[in-house]
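Protein chains get the first letters and strands the later ones, always in sequence-line order, with residue 1 at the start of each. Predicted model only: the values in this text are computed from it and were never measured. Only heavy atoms go into these numbers, but all of them, side chains included; no hydrogens, no water, no symmetry mates.
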Amino acid sequence: MKIFSTLSGQKEEFAPQDNEVKMYVCGVTVYDVCHFGHALSYISFDVIRRYLEFRDYKVKYVQNFTDIDDKIINRSNERNIPWKELVEKYIGEFFVDMDALNIKRATLYPRATEEIPMIIQVIQTLMDKGHAYKADGSVYFRVKSFPGYGKLTHQTADDMRVTETSETEKKEDPLDFALWKAVKPGEPAWLSPWGDGRPGWHIECTAMSIKHLGKTLDIHGGGQDLVFPHHENEIAQSECFTGVDPFVRIWMHNGFLQLGADKMSKSLGNLVTIKQALERNSADAIRLFIISSYYRMPLRYSEEALDAAETGIERMRQALKAEGKTGAEVLDAELYITRFIEAMDDDFSAPQAMAAMFELVREINRGSERGMDVGRAQQVLKELAGVIGFTLQEARKLDHSQEEKILELISRRNAHRKAKEWKQADEVRDQLLKMGIAIEDTPKGTTWKIAK
RNA sequence: GGCGGCGUAGCCAAGUGGUUAAGGCGGGGGUCUGCAAAACCCCUAUGCAGCGGUUCAAAUCCGCUCGCCGCCUCCA
């Protein structure tokens with residue numbers, strides 16, 4: 001299996017340290033609901049994780065919550081609710097959204113504020129080793145003390161343009177970044193050897209990943225936007241802390257979501273939330289839309305493409321319902337498993353895996369029409385769908401009385417059809433369509449589903 | 001100023017040196033069906049932003065040009 005690493009800039013043969021893959025994916029800062037960009041990132045890594053498991057690796061998947069930072073503090077002040085309450089609310093929303101998208105739960109979800117002792121230990125060690133210094137109640141990382149700084153970004157510290165901030169003058173060097181932020185009036189704070197304060201953004205991931213996964217992770221993932229400064233800083237902190245190089249064997253970054261300049265070009269930052277996306281499209285369609293494009297490429301949000309994915313998913317679902325003849329010639333689907341694996345083994349090339357799946361779909365339907373036994377092939381399709389994370393479940397959000405009504409109308413229409421009263425039969429069909437129900441006459445009778 | 005990405009059919013999107021340029025959606029024409037729907041079959045890029053170059057051979061490598069985008073500040 002080959003995986004592209006941002007660090008080396010090329011595909012590398014994947015060989016975890018042992019059978020359990022140590023995988024860490026940067027999580028969200030919980031001050032708002034998740035948007036489509038989060039769906040893109042977490043679905044991408046969900047597929048990667050599922051595929052690793054399919055290939056018989058155990059995966060220990062750790063994803064953090066950043067539950068204290070400036071945005072959280074600001075938002076809680078704006079809304080006049082305690083930061084803790086805000087954080088709990090959005091952690092809850094996070095799980096609602098992730099579950100709705102059929103994203104498997106991580107093994108562990110550590111939170112920054114629950115790892116303060118480890119964070120303090122890491123910072124203290126960095127200070128003892130001369131990689132960090134205290135200034136005005138805060139602690140900063142001394143970037144120039146780490147010769148490898150910039151290796152992930154493929155730049156040297158000297159090439160970087162420095163943006164001045166309010167803290168710049170406290171630092172020895174403008175590139176230095178905060179490990180510990182001194183408390184400001186009215187802000188939540190934790191005790192530390194350097195005075196009250198809270199952890200800086202990058203340090204939590206170092207502390208949590210090392211604590212839960214060890215000094216060297218197999219895979220560390222996140223959005224492309226995290227490469228710099230977040231992951232660059234993580235490398236610096238972590239390798240200085242442990243003295244072990246590498247901190248991460250394979251750095252994976254998914255392409256960033258681009259908003260189509262056209263349709264949803266609302267004011268900047270007004271992203272489509274996951275909840276909004278799920279109102280328009282099924283979780284499967286959202287996943288297919290995301291997976292149809294290679295994970296490292298940028299993805300442009302497109303409602304047209306999402307709807308196309310919806311139609312494609314419906315065709316997959318349909319193939320699972322196709323009738324086969326038991327005892328007849330068995331449709332051989334093993335070729336498609338091979339093609340699927342070949343595609344995914346090459347840096348999780350899901351678009352090509354999708355091509356294989358859709359060809360399998362066609363084979364199943366064709367085999368069904370030719371009276372073959374397609375049961376095994378359908379089982380293969382189901383299994384591959386599971387590896388990708390498709391449910392292929394139809395959304396039936398109807399209650400019993402509605403369902404009874406539908407069945408009653410269908411039998412009324414079939415009575416008309418039997419009597420060749422086509423006009424009346426068509427009227428009943430139109431009535432159903434107005435209720436949002438589409439029907440299909442099959443050799444085995446009439447079936448219905450929610451119309452698009 | 002530095003680093004990086006992208007430009008492939010109406011739309012989305014694979015393919016990174018060599019058979020007929022994946023797959024999805026859409027469109028056209030058929031088959032089946034009372035009609036639909038679904039499914040299946042056929043067709044839909046002599047062409048890969050443009051111009052040069054390397055090569056027996058390039059969408060794929062090199063150079064230049066044009067266009068779009070990301071990062072260097074919080075962001076998955």
Side-chain angles (χ1 to χ4, degrees), chain A residues 6 9 25-29 31-32 34-45 63 66 69-71 74 150 153-156 158-165 175 201 221-230 232 253-259 261 269 271 288-289 291-294 296-300 302 304-319 321-323 339 343 346 349-359 361-370 416-417 420-423 425-426 429-430 433 438-443 446-449 451:
Chain A
T6 307
V25 174
C26 282
V28 287
T29 302
Y31 70 104
D32 207 339
C34 290
H35 53 67
F36 205 92
H38 296 117
L40 165 59
S41 189
Y42 298 138
I43 286 174
S44 297
F45 285 106
Q63 179 167 37
T66 300
D69 93 319
D70 290 342
K71 291 189 293 293
N74 293 339
T153 320
H154 306 296
Q155 289 192 80
T156 65
D158 297 325
D159 291 332
M160 295 176 192
R161 176 185 283 183
V162 176
T163 305
E164 302 276 323
T165 70
L175 279 174
W201 175 37
Q224 218 136 54
D225 53 315
L226 296 181
V227 175
F228 192 89
H230 188 52
E232 192 69 61
H253 294 97
N254 63 273
F256 215 61
L257 180 74
Q258 325 232 298
L259 294 185
L271 297 172
L288 177 58
F289 167 67
I291 271 330
S292 298
S293 161
Y294 195 44
R296 287 195 280 124
M297 295 290 121
L299 183 69
R300 205 179 314 278
S302 156
E304 197 185 344
L306 274 161
D307 292 342
E310 197 74 73
T311 311
I313 280 293
E314 181 53 33
R315 203 163 130 245
M316 276 195 198
R317 289 189 193 119
Q318 204 76 34
K321 292 196 290 190
E323 300 280 338
R339 285 183 48 192
D346 183 12
S349 190
Q352 292 179 79
M354 288 305 97
M357 282 182 70
F358 274 107
E359 281 173 36
V361 163
R362 173 171 294 117
E363 281 304 311
I364 289 170
N365 288 325
R366 187 186 292 168
S368 167
E369 290 196 349
R370 294 180 185 170
H416 285 305
R417 289 177 69 214
K420 297 192 191 280
E421 294 162 357
W422 308 126
K423 197 177 172 188
D426 289 350
R429 181 167 59 200
D430 289 344
L433 204 57
I439 56 174
E440 292 170 22
D441 297 321
T442 74
T446 303
T447 64
W448 65 272
K449 63 184 178 185

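The CG-P distance, from A:Leu40 to B:rA76, rounds to 12 Å in whole Å. Atom NZ in A:Lys321 sits about 16 Å away from atom P in B:rA37, given to the nearest Å. As rounded to whole Å, 22 Å separates atom P of B:rG70 from atom NE2 of A:His230. The nearest whole Å value for the distance from the CD atom in A:Glu323 to the C1' atom in B:rA39 is 13 Å. Here the P atom of nucleotide B:rA38 and the NZ atom of A:Lys449 are 6 Å apart, to the nearest Å. B:rA38 atom C1' lies 14 Å from atom CG of A:Leu433, rounded to whole Å. Separating the NE2 atom of A:His154 from the C1' atom of B:rC71 is a distance of 13 Å, rounded to the nearest angstrom. Between the C1' atom of B:rG15 and the CZ atom of A:Arg339 lies a distance of 13 Å, rounded to the nearest Å.
Using a 4.0 Å heavy-atom distance criterion, A:Leu306 is classed as making no nucleic acid contact. The residue A:Leu257 sits close to a base: some heavy atom pair falls under 4.0 Å. Among the protein residues, A:Phe289 comes within range of no part of the nucleic acid, since none of its heavy atoms lies under 4.0 Å from any strand. Heavy atoms of A:Gln318 sit under 4.0 angstrom from primed sugar atoms or phosphate atoms, though from no base atom. Residue contacts for A:Glu359: at a heavy-atom cut-off of 4.0 Å it reaches the sugar-phosphate backbone alone, with no base atom in range. Within 4.0 Å (heavy atoms only), A:Ala355 reaches at least one base atom of the nucleic acid. If you check every strand for non-hydrogen atoms under 4.0 Å, A:Gly221 touches nothing. Using a 4.0 Å heavy-atom criterion, one finds that A:Gly37 contacts the bases of the nucleic acid, with or without backbone contacts as well.
Under the Watson-Crick or G-U wobble criterion, with both distances below 3.5 Å, B:rG63 is paired with B:rC51. When both distances must be under 3.5 Å, the Watson-Crick or G-U wobble mate of B:rC3 is B:rG70. In a base pair of the Watson-Crick type (N1 to N3 plus N6-O4 or O6-N4) or a G-U wobble (N1-O2 and O6-N3), with each distance short of 3.5 Å, B:rU31 is matched with B:rA39. With a cut-off of 3.5 Å on both pairing distances, B:rG17 has no Watson-Crick or G-U wobble partner at all.
In this structure, OG1 on A:Thr6 lies 7.0 Å from CD on A:Gln224, to the nearest 0.5 angstrom. From A:Leu257, atom CG reaches atom CG of A:Leu40 across 6.0 Å, with rounding to the nearest 0.5 Å. One distance of note links CG of A:Leu288 with CD1 of A:Ile313; it measures 4.5 Å at 0.5 Å rounding. Distance check: A:Asp441 CG to A:Arg417 CZ gives 3.5 Å after rounding to the nearest 0.5 Å.
In this structure, A:Phe256 packs face-to-face on the six-membered ring of B:rA76, meeting both the 5.5 Å centre cutoff and the 30° plane limit.
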Quiz item: What string of B, S and - do you get for nucleotides 5-10 of chain B 5' to 3' if you count protein non-hydrogen atoms under 4.0 Å?
Solution: -S----
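In summary, A:Glu359 and A:Arg362 do not engage in a salt bridge, as defined by a charged side-chain N under 4.0 Å from a carboxylate O. A salt bridge does not link A:Lys423 to A:Asp426: none of the charged side-chain nitrogens sits closer than 4.0 Å to a carboxylate oxygen.
Here, B:rC43 and B:rG67 have their C1' atoms 33 Å apart, quoted to the whole Å. Remark: the separation of the C1' atoms in B:rC56 and B:rG4 is 35 Å, to the nearest Å. Separating the C1' atom of B:rG28 from that of B:rC68 is a span of 33 Å, rounded to the nearest Å. Taking atom C1' on both B:rG10 and B:rU16, the two are 26 Å apart, rounded to the nearest angstrom. Rounded to whole Å, the C1' atom of B:rU55 lies 49 Å from the corresponding atom of B:rU31. Rounded to the nearest Å, the gap between the P atom of B:rG53 and that of B:rU60 is 14 Å. Rounded to the nearest Å, the gap between the C1' atom of B:rA45 and that of B:rA21 is 8 Å. Nucleotides B:rA59 and B:rA49 have their P atoms positioned 10 Å apart, rounded to a whole Å.
When the nucleotides B:rC41, B:rA76, B:rC25 are ranked by their closest atom to the side chain of A:Thr311, B:rC25 comes out on top. Closest to the side chain of A:Gln155, out of B:rG2, B:rC41, B:rA76, is B:rG2.
Residues A:Glu369 and A:Arg366 fail the side-chain proximity criterion, which asks for heavy atoms closer than 4.5 Å. Looking at heavy atoms from C-beta onward, A:Arg317 lies out of side-chain contact with A:Lys449 at the 4.5 angstrom threshold. Using a 4.5 Å heavy-atom cutoff, the side chains of A:Thr311 and A:Asp307 are not in contact.
Taking side-chain N and O atoms only, A:Asn254 has no distance below 4.0 Å to OP1 or OP2 of B:rA76. Taking 4.0 angstrom as the limit, A:Ser293 places a side-chain polar atom (N or O) nearer than this to OP1 or OP2 of B:rA14.
Considering A:Leu226, A:Thr153, A:Val227 in turn, A:Thr153 is the only one that fulfils the side chain to side chain contact (heavy atoms under 4.5 Å, CB included) rule with A:Glu232.
Across the interface with RNA chain B, nearest-nucleotide mapping of A:Phe358 and A:Glu369 shows A:Phe358 to be the residue nearer the 5′ end. Positionally, the nearest nucleotide of RNA chain B for A:Glu363 lies more toward the 5' end than for the other of A:Tyr42 and A:Glu363.
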Practice problem: Go through the steps to decide whether A:Gln63 and A:Tyr42 satisfy the test side-chain contact (heavy atoms from CB on, under 4.5 Å), and finish with yes or no. | Solution: CA-CA 10 Å; A:Gln63 179 167 37; A:Tyr42 298 138; 2.7 Å; yes
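Scanning for side-chain hydrogen bond (donor to acceptor under 3.5 Å, both in side chains) contacts around A:His230 gives A:His202, A:Glu234, with sequence neighbours left out.
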All N/O pairs under 3.5 Å across the protein-nucleotides 28-35 of chain B interface:
residue : atom : partner  : partner atom : Å
B:rG34  : O6   : A:Arg413 : NH2          : 3.3
B:rG34  : O6   : A:Arg417 : NE           : 3.4
B:rG34  : N1   : A:Asp426 : OD1          : 3.0
B:rG34  : N2   : A:Asp426 : OD1          : 3.4
B:rG34  : N2   : A:Asp426 : OD2          : 2.8
B:rC35  : O2   : A:Arg429 : NH1          : 3.3
B:rC35  : O2   : A:Arg429 : NH2          : 2.4
B:rC35  : N3   : A:Arg429 : NH1          : 2.9
B:rC35  : N4   : A:Asp441 : OD2          : 2.9

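Between the side chain of A:Ser41 and the backbone N or O of A:Gly222 there is no donor-acceptor pair closer than 3.5 Å.
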